[in-house]
Amino acid sequence: MPKVIGVRFRRAGKIYHFDPGQNTIETGMSVIVETARGLEMGEVVSGVEELPESELVMPLKKVLRLAGTADLRQVEKNRAKEVEALVRCEAQIERHGLEMKLVGAEYTFDRSKVIFYFTSDERVDFRELVKDLAAIFRARIELRQIGVRDEAKWRGGIGPCGRNFCCASFLCEFVPVSIRMAKDQNLSLNPTKISGVCGRLMCCLRFEAGSYEQPRKDSPARETADSAGRRGGPGGRNRPRER
């Protein structure tokens with residue numbers, strides 16, 4: 001089985017696996033790797049381990065090097081430029097009169113590409129916008145439409161429980177959440193009570209869902225007044241007559 005390390009590029013982001021090569025790598029280190037988007041710096045969140053190829057995306061890309069002081073400064077500069085990129089992109093969106101809400105901007109490590117994330121209720125034709133942005137930033141431009149849950153994960157914030165959003169704190173990927181989970185937990189079905197800031201069902205509804213599933217299967221069905229009456233229970237037709 002190949003030896004791999006787990007690397008995360010964003011807080012609470014998805015974990016990707018890379019070949020550590022001959023590098024001595026431990027959890028918490030920063031590494032420079034090549035991805036489909038270009039060079040990126042990520043944080044090692046799981047040390048060297050062996051995993052079957054069936055659980056990996058082959059072929060694995062190798063870690064190019066451990067991140068040094070210059071690399072860390074480069075990332076800090078990129079973060080500062082992302083703030084500027086948001087302002088300039090907002091101005092172009094307004095100039096083109098596009099119905100889209102800009103959420104965030106992200107530079108690749110080598111600044112060869114700028115990715116803008118946005119939300120919109122409808123399909124947006126941003127071809128002319130991309131041309132203008134490419135001329136302004138002199139880099140490849142990608143506009144990526146995301147959903148409201150992804151927007152909440154990107155921005156972060158405080159949930160109704162008073163704690164940081166689960167999606168922005170530790171959830172690597174979103175999991176399906178259904179209204180059935182709220183019913184099984186005898187929670188109020190008031191949308192304002194079981195919905196997060198994003199407007200969707202709260203992710204935490206799934207945390208305890210498994211604790212309710214098996215006991216519910218093992219417990220006898222709840223009796224209703226009609227079923228009790230048919231079996232001669234209180235109020236049923238087979239109740240003994242009073243003398």
Side-chain angles (χ1 to χ4, degrees), residues 7-19 30-45 57 59-157 165 167-168 171-174 197-200:
V7 178
R8 179 178 286 159
F9 299 102
R10 289 177 54 193
R11 178 187 61 183
K14 184 177 179 180
I15 298 176
Y16 297 87
H17 293 100
F18 292 87
D19 181 354
S30 296
V31 293
I32 304 298
V33 296
E34 183 178 357
T35 69
R37 304 193 311 182
L39 291 182
E40 295 279 10
M41 187 181 83
E43 179 186 0
V44 179
V45 294
V57 178
L60 288 173
K61 293 188 176 181
K62 289 188 176 183
V63 173
L64 299 181
R65 65 178 185 274
L66 299 178
T69 304
D71 296 320
L72 296 175
R73 284 200 298 264
Q74 173 75 7
V75 171
E76 290 180 0
K77 292 179 181 179
N78 290 351
R79 297 293 176 265
K81 290 182 69 67
E82 288 170 359
V83 177
E84 178 186 350
L86 276 174
V87 176
R88 302 181 75 176
C89 184
E90 282 278 14
Q92 291 300 315
I93 290 174
E94 184 176 351
R95 187 175 74 85
H96 285 275
L98 298 175
E99 294 294 329
M100 53 192 294
K101 177 184 177 184
L102 194 61
V103 175
E106 187 177 20
Y107 270 93
T108 56
F109 176 76
D110 56 4
R111 297 183 190 169
S112 62
K113 187 176 185 179
V114 191
I115 305 170
F116 293 98
Y117 299 89
F118 72 94
T119 60
S120 178
D121 294 331
E122 55 188 31
R123 187 171 181 177
V124 181
D125 183 0
F126 46 70
R127 288 174 293 183
E128 293 301 320
L129 174 63
V130 170
K131 293 179 182 178
D132 290 345
L133 294 176
I136 293 172
F137 296 104
R138 299 185 181 278
R140 289 181 296 158
I141 301 295
E142 180 180 344
L143 287 173
R144 184 175 299 178
Q145 186 170 357
I146 61 176
V148 290
R149 298 178 82 188
D150 296 292
E151 180 183 5
K153 184 179 182 71
W154 180 278
R155 295 186 183 277
F165 294 166
C167 59
L171 283 181
C172 298
E173 297 183 77
F174 290 110
V197 176
C198 63
R200 300 292 189 266

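- Comment: Glu34 does not engage Lys62 in a salt bridge, judged by the lack of any side-chain N to carboxylate O separation of less than 4.0 angstrom.
- Ser30 OG to Glu43 CD: the interatomic distance, rounded to the nearest 0.5 Å, is 6.0 Å.
- The side-chain tip of Arg144 does not point at the ring of Phe116 from less than 6.0 angstrom away and within 45° of straight on.
- Applying side chain to side chain contact (heavy atoms under 4.5 Å, CB included) to Trp154 and the options Arg149, Glu106, Arg11 leaves one that passes, Glu106.
- Atom CD of residue Glu142 and atom CZ of residue Arg37 lie 7.5 Å apart, to the nearest 0.5 angstrom.
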Q: Would you sort out whether Gln145 and Arg123 count as a side-chain contact (heavy atoms from CB on, under 4.5 Å), showing the intermediate values?
A: CA-CA 9 Å; Gln145 186 170 357; Arg123 187 171 181 177; 5.9 Å; no
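- Applying side chain to side chain contact (heavy atoms under 4.5 Å, CB included) to Ile93 and the options Leu133, Leu129, Leu143 leaves one that passes, Leu129.
- Side-chain contact check for Val103 versus Arg155: some heavy-atom pair is nearer than 4.5 Å.
- His17 and Leu60 make their closest contact through O-CD2, 3.7 Å (heavy atoms, listed as atom of the first residue, atom of the second, distance).
- Between Phe9 and Phe18, the ring planes are perpendicular. Angles over 60° get that label, and only those under 30° would be called parallel.
- To the nearest 0.5 angstrom, Leu39 atom CG is 6.0 Å from Leu64 atom CG.
- In this structure, Ile115 and Ile141 have side chains that are not in contact, with every pair of non-hydrogen atoms separated by 4.5 Å or more.
- For residues 92-114, no pair satisfies ring pair (Phe, Tyr, Trp, His ring centres under 6.0 Å), with sequence neighbours left out.
- Taking all atoms of both residues into account, the shortest heavy-atom contact from Phe165 to Ala152 is CD1-O, 3.6 Å.
- Rounded to the nearest 0.5 angstrom, Ile32 CD1 and Asp71 CG are separated by 4.0 Å.
- Looking only at distances, a side-chain donor or acceptor of Ser120 sits under 3.5 Å from a matching main-chain atom of Glu99.
- Partners of Arg79 by salt bridge (Lys or Arg N to Asp or Glu O under 4.0 Å), not counting sequence neighbours, listed by chain and number: Glu82.
- The distance from atom OG1 of Thr35 to atom CE of Met41, rounded to the nearest 0.5 Å, is 13.0 Å.
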Q.
Checking Lys131 against Glu128 for the salt bridge (Lys or Arg N to Asp or Glu O under 4.0 Å) test, could you report, in this order, the C-alpha distance in whole Å, the side-chain angles of both residues, the deciding distance, and whether it holds?
A. CA-CA 5 Å; Lys131 293 179 182 178; Glu128 293 301 320; 3.6 Å; yes
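- Contact between Ala105 and Leu86 at its shortest, heavy atoms only, is N-CD2, 3.7 Å.
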Q: Could you give me the CA-CA distance, side-chain angles and deciding distance for Val31 and Arg65, then say whether side-chain contact (heavy atoms from CB on, under 4.5 Å) is met?
A: CA-CA 6 Å; Val31 293; Arg65 65 178 185 274; over 6 Å; no
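- Between Arg111 and Lys81, the closest side-chain pair of non-hydrogen atoms falls below 4.5 Å.
- Glu90 contributes atom CD, which lies 9.0 Å from atom CE of Met100 (distance to the nearest 0.5 angstrom).
- Between Phe126 and Phe118, the ring planes are perpendicular. Angles over 60° get that label, and only those under 30° would be called parallel.
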Q: Give the intermediate values and the outcome of side-chain contact (heavy atoms from CB on, under 4.5 Å) for residues Gln92 and Ile136.
A: CA-CA 10 Å; Gln92 291 300 315; Ile136 293 172; 3.7 Å; yes
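- Considering every non-hydrogen atom in both Arg8 and Val45, the closest pair reads CB-CG1, 3.9 Å.
- Taking 4.5 Å as the limit, some side-chain heavy atom of Arg95 sits within range of a side-chain heavy atom of Asp132.
- A salt bridge between Lys153 and Glu173 is absent, with no side-chain N of the basic residue lying under 4.0 Å from a carboxylate O of the acidic one.
- In terms of heavy-atom proximity, Asp110 sits nearest to Thr108 at OD1-OG1, 3.0 Å.
- Between Cys167 and Ala12, the closest heavy-atom pair is O-CB, 3.6 Å.
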